[in-house]
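Here is how names work: the chains are called A, B, and so on, in the same order as the sequence lines, proteins then strands, and each is numbered from 1.
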Amino acid sequence: MGHVRDLPQSATDIPANVKGEKWAQLGVNVESDFEPLYVIPKDKKKIVTQLKEALKSADELVLATDEDREGESISWHLLQLLQPKVPVKRMVFHEITQDAIRKALKNCRTVDEQLVRAQETRRILDRLVGYTLSPLLWKKIAKGLSAGRVQSVAVRLLVNRERQRRAFRQGSYWDLKATLEAKGKEAKGEFEAKLTTLAGTKVANGSDFDPDTGQIVAGRNVVLLNETQARELLERLTGKPWTVTDLEERPTTRKPAPPFTTSTLQQESNRKLRLSARDTMRVAQNLYEQGYITYMRTDSVHLSEQAIAAARSCVEQMYGKNYLSPQPRQYSTKSKGAQEAHEAIRPAGSSFRTPKETGLSGREFDLYDLIWKRTVATQMADSRQTQVIVQLQVEDAGFRSSGKRIDFPGFLRAYVEGYDDPEAALEDREVILPPLKKGDRPDCKNLEAIGHETQPPARYTEASLVKTLESEGIGRPSTYASIIGTIVDRGYAQIVSNALVPTFTAFAVTALLEQHFPDLVDPSFTSKMEQTLDDIATGEAAWLPYLRKFYSGDAGLETLVKARESQIEANVARTVAFDDLEAKVRIGSYGPYIEAQNGSDTVTASIPKDWTPADLDAELVEKLLKQKTEGPDKVGIHPETGEPIYVKIGPHGPYVQLGEKTEDKPKPKQASLPKGVTPDNLTLETAVGLLSLPRLLGTHPATGGKIQASIGPYGPYVVHDQGKEGKDYRSLKVSDNVLTVTLERALEILAEPKKGRRTSSKSKSALRELGAHPGDGEPVNIFEGPYGLYVKHGKTNAGLPEGQKVEDMTLDKALELLASKESSAKKSTKRKSTKASANGNGTATTAKKKTASSTRKTTTASKSKTKTS
DNA sequence: CAGTGAGCGAGCTTCCGCTTGACTT
């Protein structure tokens with residue numbers, strides 16, 4: 001059940017008797033030795049009552065929470081709440097096996113008060129940081145924003161990377177690629193080689209460029225080839241003899257990666273299964289609850305003896321003795337601040353079920369498969385490979401060819417770790433070179449000049465952010481997924497095709513924090529704090545002086561925030577300047593907007609809702625401002641109505657408008673530009689076409705219903721009007737053009753099954769078909785959804801009761817479930833509609849239920865949803 | 001959907017880290 005007491009989360013949790021106090025909002029009495037105000041959160045009241053009740057008939061209390069700082073604290077809070085009159089023991093165990101628990105019961109101790117103080121200090125410090133900085137942001141930048149020890153560093157990482165990308169200047173270079181053929185008796189076969197040196201000097205490649213200038217790093221002795229030079233060289237080398245000048249074989253071994261922790265599981269799952277950190281945890285939780293895997297929130301790579309034995313037996317059975325590592329492999333945890341309350345994440349039990357044996361499907365199968373493979377691989381032999389490097393010479397040009405031979409795959413048979421960089425994945429591929437030797441004269445079959453451009457540093461993905469945070473010791477296994485949720489929720493980042501893109505707000509907030517609270521947003525802040533907490537836990541440091549110095553001292557946070565509050569000008573804090581833009585971006589109450597001087601006038605223009613700094617360049621700024629000062633661009637005159645057509649950029653991106661807005665015509669016809677059409681490449685024909693949407697394509701041959709094509713909030717679509725049955729919508733594919741799509745093609749698209757928004761492609765088909773519903777003959781099927789198994793009939797879904805197996809379901813049972821659901825359908829529809837209107841736009845992934853239902857609309861929070869869906 | 005960027009004021013927002021269950025699809 002986790003923590004059963006905590007500082008009050010919001011104003012409603014603050015007890016009446018302290019509500020008037022200055023420190024009430026903090027929940028920490030900073031005037032009286034930082035005494036924390038603890039309350040039992042609403043959702044924990046029940047468990048506390050139950051525990052109190054249970055204690056009445058008990059003759060002993062055994063506290064068996066996790067053996068880490070937070071776990072120790074939970075035990076202490078329980079003692080405070082329960083006030084037991086019976087003997088109390090504190091027991092700890094890391095494995096749920098009979099042996100381990102027996103042993104733990106025999107070796108109980110008392111609650112470690114110092115460790116508890118360390119946790120309390122951590123808790124109070126986080127509160128002080130978050131609840132003093134956030135209000136400053138509300139006053140200076142925008143309401144509803146937040147800052148914290150963890151999230152602000154995460155946001156700053158994203159912002160810094162985006163700054164690097166903006167500062168990045170592309171460089172280009174050329175080199176040559178040769179396809180050679182060995183012609184020796186034994187050494188037959190083709191291979192490739194790349195130009196590396198010219199007259200003994202290294203030929204420049206990407207790593208020789210300075211990302212900030214796009215030029216070769218000063219002082220580097222390299223030859224930079226442009227296209228002409230590369231082609232000239234190619235001409236000169238063509239037909240000349242090639243010689244192998246050197247050959248090197250380097251044997252290497254690789255060890256399997258350690259078993260999964262929460263962080264590495266999230267990384268791999270994001271890279272290989274494209275699951276978000278949150279989805280990964282949701283699926284892992286399901287696997288854990290069904291007994292397939294061990295606990296999924298852990299920072300330890302430790303495997304129990306039971307696990308090692310099980311993995312080794314798997315290896316032996318499936319791959320044979322050869323593939324077993326000579327000694328059992330035990331990994332030691334190296335990550336900063338690890339507390340190792342649990343084992344690594346692995347298949348549960350003393351013998352591992354193979355993925356196939358589990359009968360799992362969909363994401364659950366995929367994730368279990370990943371965990372199973374990674375665990376089994378840890379007990380497999382090293383992989384042995386030979387790196388082959390061949391140097392070749394033709395005239396004054398040096399070429400290199402590198403190959404790789406896998407002599408023994410070892411653990412690679414079971415598991416290859418994923419990469420953030422897709423090019424790096426190629427490193428694991430075997431590249432076989434013919435058995436060349438020094439002095440060989442291979443034939444050149446083909447010589448090619450190839451142009452390259454340097455790439456800006458990649459944006460963070462969920463995976464790489466979690467990796468960085470973990471390596472800095474920032475955040476805990478239970479929080480990695482929600483950190484991402486928080487920064488997306490607060491409008492600090494958007495997820496665009498797996499990348500985390502910081503928003504204008506993120507830039508403004510980061511700039512403020514960097515300028516005025518540099519220590520707090522430094523990644524090392526957490527590791528320094530952890531050091532002190534460790535000292536508090538061992539008794540080498542005292543908690544009160546630490547908090548006093550941090551908060552109340554001359555250079556303390558309280559003083560600092562107060563001073564800054566009068567110094568910081570909101571207007572400045574709300575402004576984001578970019579080196580390459582003359583105009584400034586300001587964070588307004590309705591979202592970011594551009595502000596520029598036009599003579600003595602100030603011009604402002606909204607930035608479309610889902611745009612980030614990444615989308616904004618000087619040209620676009622110009623366009624947005626011009627629209628304001630000179631009115632929108634005219635595309636042309638509508639051939640039928642004779643009205644002008646304008647192209648404008650509004651809060652939802654570029655669109656066309658027929659005629660002007662006048663008193664008589666307050667709502668002129670408007671239409672969004674679809675993807676791929678920009679104000680620049682827009683033709684009058686396209687504009688007229690867009691304004692004529694929806695377009696009637698014809699009637700459905702089977703039903704006679706109208707079929708239309710148009711563009712909606714989710715892009716271009718076709719719709720089949722089935723009369724009473726409602727309307728059947730399908731999105732058009734990227735290759736389809738909404739203006740030219742034919743009836744025939746529309747019918748084709750409509751014939752495809754509807755893509756479930758939430759179901760993955762693997763689980764969209766029914767797990768089992770139960771037969772036709774006696775009422776209307778429509779099928780009743782079992783599906784697997786994000787909340788478990790359910791039966792579906794038409795639009796009605798009913799969850800299967802817990803423990804109900806798919807194979808034991810009957811049509812009758814399903815009808816019963818559906819009937820009870822249908823009878824309550826009215827009520828739930830009503831509830832749904834009120835909820836939808838309260839929530840406005842159905843905000844994206846939420847970190848907390850509280851924020852999910854709030855009416856706050858951050859300016860940019862809804863984009864990720866739109867883009868990903 | 002295709003705007004806005006002023007000002008007032010009551011009441012509120014906000015942190016990190018531990019966790020399951022109530023809800024719906």
### Query
Roughly, in whole Å, what's the span from CG in A/Leu26 to C1' in B/dT13?
14 Å
### Message
Once side chain to side chain donor-acceptor pair (under 3.5 Å) is applied, do any residues pair with A/Thr261, and if so which ones, sequence neighbours excluded?
### Response
A/Thr264
### Query
Base, sugar-phosphate alone, or nothing: which one does A/Gly148 contact when heavy atoms must sit under 4.0 Å apart?
sugar-phosphate
### Atom-to-atom span, OH of A/Tyr38 to C1' of B/dC15 - whole angstrom
14 Å
### Message
Need one value for A/Tyr646: base, sugar-phosphate or nothing, where a base atom within 4.0 Å counts as base even if backbone is also close, heavy atoms only.
### Response
nothing
### Query
How is A/Ser672 classified with respect to the nucleic acid when contacts are heavy atoms under 4.0 Å: base, sugar-phosphate, or nothing?
base
### Query
Contact class for A/Glu70 vs. all strands (heavy atom < 4.0 Å): base, sugar-phosphate, or nothing?
sugar-phosphate
### Query
Is any side-chain nitrogen or oxygen of A/Gln285 closer than 4.0 Å to OP1 or OP2 of B/dT20?
yes
### Message
In dot-bracket form, 5' to 3', how is DNA chain B paired? Count Watson-Crick and G-U wobble pairs only if both distances fall under 3.5 Å, and write | where the partner sits on another strand.
### Response
.........................
### Task
Quick one: label A/Asp43 by what it contacts on the DNA or RNA (base, sugar-phosphate, nothing), any heavy atom closer than 4.0 Å.
nothing
### Task
Could you pick out which residue, A/Thr479 or A/Tyr131, lies toward the 5' side of DNA chain B when each is mapped onto its nearest nucleotide?
A/Tyr131
### Message
Between A/Lys44 and A/Asp6, is the salt bridge (charged side-chain N to carboxylate O under 4.0 Å, His left out) condition met? List the steps.
### Response
CA-CA 10 Å; A/Lys44 298 296 163 61; A/Asp6 193 11; over 6 Å; no
Can you pull every protein N or O that's under 3.5 Å from an N or O on nucleotides 5-9 of chain B?
| from | atom 1 | to | atom 2 | distance (Å) |
| --- | --- | --- | --- | --- |
| B/dG5 | O6 | A/Ser606 | OG | 2.5 |
| B/dG5 | N2 | A/Ser589 | N | 3.4 |
| B/dG5 | N2 | A/Tyr590 | N | 2.7 |
| B/dG5 | N2 | A/Gly591 | N | 3.2 |
| B/dG5 | N2 | A/Gly591 | O | 3.0 |

#### Entry: Sugar-phosphate only, base, or nothing, as touched by A/Ser146 at under 4.0 Å among non-hydrogen atoms
sugar-phosphate
### Query
Side-chain N or O of A/Ser10 less than 4.0 angstrom from OP1 or OP2 on B/dT13?
yes
### Query
Does the side chain of A/Glu595 pick up a donor-acceptor pair with the side chain of A/Thr602 at under 3.5 Å?
no
### Query
For A/Arg363 and A/Asn286, does a side-chain donor sit closer than 3.5 Å to a side-chain acceptor?
no
### Query
For residues A/Arg297 and A/Thr262, is any side-chain donor paired with an opposing acceptor at under 3.5 Å?
no
### Query
Is there a stack between A/Trp138 and B/dT14, judged by ring centres under 5.5 Å and planes under 30°?
no
#### Entry: By side chain to side chain contact (heavy atoms under 4.5 Å, CB included) - contacts of A/Lys628 (at least two apart)
A/Val603, A/Ala605
### Query
Atom CD of A/Gln25 and atom P of B/dG11: how far apart are they, to the nearest Å?
15 Å
### Task
May I ask you to evaluate whether A/Gln657 reaches the phosphate of B/dA2, defined as a side-chain N or O under 4.0 Å from OP1 or OP2?
no
### Query
How is A/Lys45 classified with respect to the nucleic acid when contacts are heavy atoms under 4.0 Å: base, sugar-phosphate, or nothing?
nothing
## Note on the structure
Atom CG of A/Asp6 and atom C1' of B/dT19 are separated, to the nearest Å, by 12 Å
### Query
Is any side-chain N or O of A/Tyr655 closer than 4.0 Å to OP1 or OP2 of B/dC1?
no
#### Entry: Ion pair A/Glu530/A/Arg69, N-O distance below 4.0 Å
yes
### Task
Using only side-chain N and O atoms of A/Arg297, determine if any of them is under 4.0 Å from OP1 or OP2 of B/dG17.
no
### Query
Quick one: side chain to side chain contact (heavy atoms under 4.5 Å, CB included) partners of A/Lys528, sequence neighbours excluded?
A/Ser524
### Message
Heavy atoms only, 4.0 Å cut-off, all strands: where does A/Val129 land among base, sugar-phosphate and nothing?
### Response
nothing
### Message
Restricting to salt bridge (Lys or Arg N to Asp or Glu O under 4.0 Å), what partner residues turn up for A/Asp43, sequence neighbours left out?
### Response
none
### Query
What parts of residues 115-125 of chain A reach DNA chain B, counting only heavy atoms under 4.0 Å away?
A/Arg122, A/Arg123
### Query
Under the side-chain hydrogen bond (donor to acceptor under 3.5 Å, both in side chains) rule, what pairs show up with a residue in residues 127-136 of chain A, not counting sequence neighbours?
none
### Query
Which pairs with one or both residues in residues 21-30 of chain A pass salt bridge (charged side-chain N to carboxylate O under 4.0 Å, His left out), sequence neighbours excluded?
A/Lys22-A/Glu31
### Task
Under 4.0 Å between any heavy atoms, over every strand shown, what does A/Gly475 touch: base, sugar-phosphate, or nothing? Just pick one.
sugar-phosphate
### Message
If the condition is side chain to side chain donor-acceptor pair (under 3.5 Å), which residues does A/Ser263 pass it with, not counting sequence neighbours?
### Response
A/Gln267, A/Glu470
### Task
Give a yes/no on whether any side-chain N or O of A/Gln9 is located under 4.0 angstrom from OP1 or OP2 of B/dC15.
no
### Message
OP1 or OP2 of B/dT19 versus the side-chain N and O atoms of A/Lys46: is any pair under 4.0 Å?
### Response
no
#### Entry: Which residues share a side chain to side chain donor-acceptor pair (under 3.5 Å) with A/Tyr546, sequence neighbours left out
none
### Message
For the C1' atoms, the ones on B/dG9 and on B/dT13, what distance do you get once it is rounded to whole angstrom?
### Response
16 Å
### Query
Under 4.0 Å between a side-chain N/O of A/Arg476 and OP1 or OP2 of B/dC15, yes or no?
no
### Query
Base, sugar-phosphate alone, or nothing: which one does A/Glu595 contact when heavy atoms must sit under 4.0 Å apart?
nothing
### Message
Going by the rule side chain to side chain contact (heavy atoms under 4.5 Å, CB included), which residues pair with A/Ser73 if we only count those two or more places apart in sequence or in a different chain?
### Response
A/His3, A/His77, A/Gln119
